[in-house]
Amino acid sequence: MTLTTTPEWRELATLAEAQRHIHLRERFAADPQRFSRHAIRHGGFLLDYSKQRLDDAVVAALHALWHAAAVPAWIARMRAGEAINHTEGRAVRHVDLRAAQPPAEVAAVLGRMQAFCARIHDGSWRGASGKPIREVVNIGIGGSDLGPRMATRALAAHAHPGLRVRFVSNIDGADLATVLADCDPAQTLFIVVSKTFTTQETLHNARSARAWLTAALGENAVSRHFVAVSTNLEATAAFGIAAENVFEFWDWVGGRFSLWSAVGLALALAIGMDNFRALLAGGAAMDTHFFDAPVHTNLPATLALLEVWNTNFLGAHSRALLPYSQSLAELPRYIQQLEMESNGKQVDRAGKRVDHATAPIVWGEAGTNGQHAFYQLLHQGGRLVPCEFIAVLRPDFDPGGHHDALLANCLAQSEALMRGRTADEAPASTSAALAPYQVFDGNQPSTTLLLPRLDPHTLGQLIALYEHKVFALGVLWNLNAFDQWGVEYGKVLARRLLPMLSGEAPASGLDSSTAGLLAACLAARR
Ligand SMILES: O=P(O)(O)OC[C@H]1O[C@](O)(CO)[C@@H](O)[C@@H]1O
């Protein structure tokens, strides 16, 4: 029996149909207690989902679905180390990376990271010409880039002084070149991060960085300026990185879940190991909550079930992620990989096509910038786009009045999206001709997550919250959230096209569009 044929699924479909015409404004008018009944407080977080299009009956039916899908049993399987990533035959153990008592192999690498960070910070690790390191360049892509990049920016207020940490990911030479343009080779450390150590972009960038370094300082400089993070120790050795400069992690850590491992080395250098360990502790605190809290007070479970409601029963195709925090400006990109690479799939655990929608498109931008870009469509575009607002209550940076203005905008937007505005409510000065333009339909659902502050512990909680949401959705949609076969095909075709572009192979076997585009690329070089 698939989930869509269960009584729980059918009940939700019935409720969705029955409530289709109820406007959020009516729901609030009918129930003064709506906020307190649809808000969860935990660990300093406040999750308000009262502006979602639901009522107690929907919430109860979603909770019933959680149990019908046996999510708690899947949690137990993950925790027991079963190979629940069945297409790759791997366990899913990223939670072990942040455990208070981590496995010995994890503790050993954390210890090495600690010692390494201390040497970089106190200046006892010297570059080849005897100078201390002042620049760190993380070379990686996807899960080997987005997590440390996002967190380094989010925790800029906690940055270790005297060290600049930057990130290069794109195969476009402009990425590396613009970073290297103001680096001194004698004081630059490269961290080459790749789970597989076969990723084209990362290896190409790493080779170019190495050529830049050795041109200035000679071949012998590599061991003082290059370290690697990988599960593939043979490949790191083949690249010429000495074993003592390699920080290991393991195939039971998915790339997009790997920030907690040595993949976070650049972050650890940026904020110091004590702060990195606080991030781990925050993740562990969210793990305990997810594993132990009943579904009705469980934050990851609630986010997952709201996604099911909006996607599968109300028909939403996308979700806007709107952090009202410039420090969290990279969060939408990070969550895009976490959610869309995990659950952007159509084949279930039994190898069959699912008969329901899966991951929505996640997109977003830091508030208030997004307001001046795409909110017009959210307010008057007529599309259902559930919105997820995230705000931080105590700011790290506030030169005066900024934070109040930021929060006012955040609260105002979710209020406006919910209420809308009728023609009668348009400003009195509005002329009859302009009145139709002043109407806002409202009824746009949203969730608001308030964080007490943005420190390492809180950020750890936040990331783990989304990780568990993704895991739960994989279970609910009967997907393996931990593989990513869909990104392989484009890589295969790129490998075939590369020799045609470099002139080593003739163009052949291409459709007319690809052949025409290739010809234009080649013509531009003549
Ligand atoms: O860490 P690696 O092996 O270089 O992979 C980078 C990224 O590439 C992907 O495999 C997608 O191609 C991601 O899942 C991963 O995070």
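We use all heavy atoms of the structure for the numbers below, so side chains are in, but hydrogens, waters and symmetry mates are not. Ligands are counted one by one from 1 in listed order, and the atoms in each one are counted from 1 as well.
Looking only at protein heavy atoms, the nearest one to atom 7 (C) of ligand 1 is Ile141 O, 3.7 Å. For atom 8 (O) of ligand 1, the closest heavy atom belonging to the protein is Lys491 NZ, 4.4 Å. Atom 14 (O) of ligand 1 has as its closest protein heavy atom Glu341 OE1, 2.7 Å.
Contact analysis leaves Glu201 out of contact with ligand 1, as no non-hydrogen atom separation drops below 4.0 angstrom. By the 4.0 Å heavy-atom criterion, Glu488 is excluded from the residues contacting ligand 1.
A donor and an acceptor atom, one from each side chain of Asp511 and Thr514, are located under 3.5 Å apart. Between Glu201 and Thr199, the side chains place no donor N or O within less than 3.5 Å of an acceptor N or O (distance only, hydrogens not considered).
Residue contacts with ligand 1 for Thr196 involve both N, CA, C or O and side-chain atoms from C-beta outward (heavy atoms, distance under 4.0 Å). With a heavy-atom cut-off of 4.0 Å, Lys195 touches ligand 1 through backbone and side chain alike.
Nearest to atom 16 (O) of ligand 1 by heavy-atom distance, out of Gly255, Gly147, Gly143, is Gly143.
Taking the six-membered ring where the residue is Trp, His94 and Phe257 present parallel rings, their angle staying beneath 30° rather than reaching 60°. By the 30° and 60° cut-offs, the orientation of the rings of Phe290 relative to His468 is parallel. Ring planes of Tyr324 and Phe389: tilted class, angle from 30 to 60°.
For ligand 1, the atoms closer than 4.0 angstrom to any heavy atom of Thr199 are 2 (P), 3 (O), 4 (O), 5 (O). Close approach of ligand 1 to Val487 (heavy-atom distance below 4.0 Å) involves ligand atoms 11 (C), 12 (O). Atoms of ligand 1 lying under 4.0 Å from any heavy atom of Gly142, numbered from 1 in the order shown and given with element: 16 (O). Atoms of ligand 1 lying under 4.0 Å from any heavy atom of Ser194, numbered from 1 in the order shown and given with element: 1 (O), 2 (P), 3 (O), 4 (O).
Judged by a 6.0 Å distance limit and a 45° cone about the ring axis, Arg79 is positioned over the six-membered ring of Phe291. Figure legend: Arg93 and Trp252 shown as a cation-pi pair, the cationic atom lying under 6.0 angstrom from the six-membered ring centre and within 45 degrees of its axis. Remark: Arg112 is positioned above the aromatic ring of Phe247, its terminal NZ or CZ atom under 6.0 angstrom from the ring centre and at most 45 degrees off the axis.
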